[in-house]
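Below is one structure, written out as structure tokens; comments come after it.
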Amino acid sequence: MRIGPLDFGERPLMLAPMEDVSDPPFRILCKRYGADVLYTEFISSGGLTHDSDDAQKKLDLYEEERPIGIQVFGGDVEQVRKATQIVDQAGADLIDINFGCPVRKVVRKDGGAGILRKPGKMRRITEAVIEEATRPVTVKTRLGWDDDSIDILNVARMLEDTGVQALAMHARTREQMYKGEARWHWLRRLKEEGVRDIPLIGNGDALSPPEVEAMFDETGVDGVMIGRGAIGNPWIFQQAKTYMETGEVPPAPDWEERVEVVAEHLALKCEWLGERTGVLEMRKHYSGYFKGFRNASKLRHALMQETEQQGVREVLSGWDPDAPEIRLSKASLGGREKVAGGEGSHAPGDRDAPTKKPAPPPALA
Ligand SMILES: Cc1cc2nc3c(=O)[nH]c(=O)nc-3n(C[C@H](O)[C@H](O)[C@H](O)COP(=O)(O)O)c2cc1C
């Protein structure tokens, strides 16, 4: 599969843009575990043009992330045009336009999926981005606003005519939000009757290696984009590749490797955001990483008490995943010591802390 000058090989796998998830630390992990293309979370064109620190921070990219696309959104043509000039300077390989976000405050201003109701304006925004960008422009969108207004075959042709170089399709309508099944039959129709010469990237409910392969086989898409399936599970890319080669899903990382990945994820977060914010921001990832393990909610609770990297590492290294079910009294929920490694705890606390600290990746110029 090619996007402009970039060659991604056969059946490439993309990390989906995900707000508050697809940041540099998480992207780097997904890349190490086999993601072929990464996308940033969506970045507000208004935030970029008003020089908001938050939006600027989201432009941080690292050399080892390449190839990477920056995703931008907005419903004002001239604002998106100016934002594209800023995004273009950040040095990404691709610029992606978000025409799929279903959130009310975004669609209200014609951003995200809101633009699906205004194809003329969708074209003008796309043209403005392509005019300003010095790199290939891609679009990520949904099937339509609701079931009664799906016109995605024409929309896809229009986007291709405008000069978009790949189309990523989340196979749901805006009305569906994230509910119901993704309608993969639309991906097949789009491949057969919608796009002509540009790659189609399928997205929606490819949550496991067999589902990734099934999306390729059943729809004929050129690439598969994985979102929720990668949260707490960045090794899904490698697993899916192995599955497609051998028919076997390799075992997920065991406890020790998982702890190492979490420690690395945390270290990258702290490197990028500073210790305090990094530790706080890491909290939303614990349930994904330890889902299915005995006492997972107790572990998460213990990790949530920590405000420093070292404390998190100590909880992790002292935790025994094979310990019998821990029953906590309300009083004991107040502090981590009773949960992990403290007197009366089932956790032995005799493991070595995962001390490997990754070198900070060099930021792009
Ligand atoms: C937490 C979260 C944040 C998301 N943020 C974005 C975003 O910033 N831009 C975007 O295009 N889609 C966003 N999405 C949608 C995903 O990119 C993807 O289209 C959707 O999750 C369906 O794919 P999946 O079934 O593989 O998760 C987000 C989804 C989730 C779960």
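Order of listing sets the numbers, starting from 1, for every ligand and every atom in it.
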Asp60 versus Trp272, side-chain donor and acceptor atoms under 3.5 Å: yes
Closest to atom 5 (N) of ligand 1 among Glu19, Arg142, Glu211 (heavy-atom distance): Glu19
Short side-chain to backbone donor-acceptor contact, Asp54 and Lys57, under 3.5 Å: no
Numbering as shown, the atoms of ligand 1 that approach Gln71 to under 4.0 Å (heavy-atom distance): 7 (C), 8 (O), 9 (N), 10 (C), 11 (O)
Validation row, ring centre Trp255 to ring centre Phe290 under 6.0 Å: yes
Heavy atom of Tyr178, distance to ligand 1 below 4.0 Å: yes
Atom of Glu306, atom of Gly311 and distance for their closest heavy-atom approach: OE1-CA, 3.3 Å
Side-chain H-bond candidate by donor/acceptor type, Thr242 with Glu245, under 3.5 Å: no
Of the listed options Gly227, Pro17, Gly202, Ala206, closest to atom 17 (O) of ligand 1 (non-hydrogen atoms): Pro17
Ligand 1 atoms in contact with Gly204 (distance to a heavy atom under 4.0 Å): 23 (O), 25 (O)
Protein contact to atom 23 (O) of ligand 1 [nearest heavy atom, distance to 0.1 Å]: Asn203 ND2, 3.0 Å
Residue Asp205 vicinity, atoms of ligand 1 by number, heavy atom under 4.0 Å: 24 (P), 25 (O)
Proximal ligand 1 atoms for Lys140, defined as those under 4.0 Å from one of its heavy atoms: 10 (C), 11 (O), 12 (N), 15 (C), 16 (C), 17 (O), 18 (C), 19 (O)
Salt-bridge contact Asp110-Lys118 (side-chain N to carboxylate O under 4.0 Å): yes
Under 3.5 Å: N/O of Ile226 near N/O of ligand 1: no
Sequence-distant partners of Lys140, salt bridge (Lys or Arg N to Asp or Glu O under 4.0 Å), two or more places apart: none
Side chain to side chain contact (heavy atoms under 4.5 Å, CB included) partners for Arg104, two or more places apart: Arg174
Distance-only N or O hit between ligand 1 and Arg228, under 3.5 Å: yes
Proximity flag Gly229 to ligand 1, non-hydrogen atoms under 4.0 Å: no
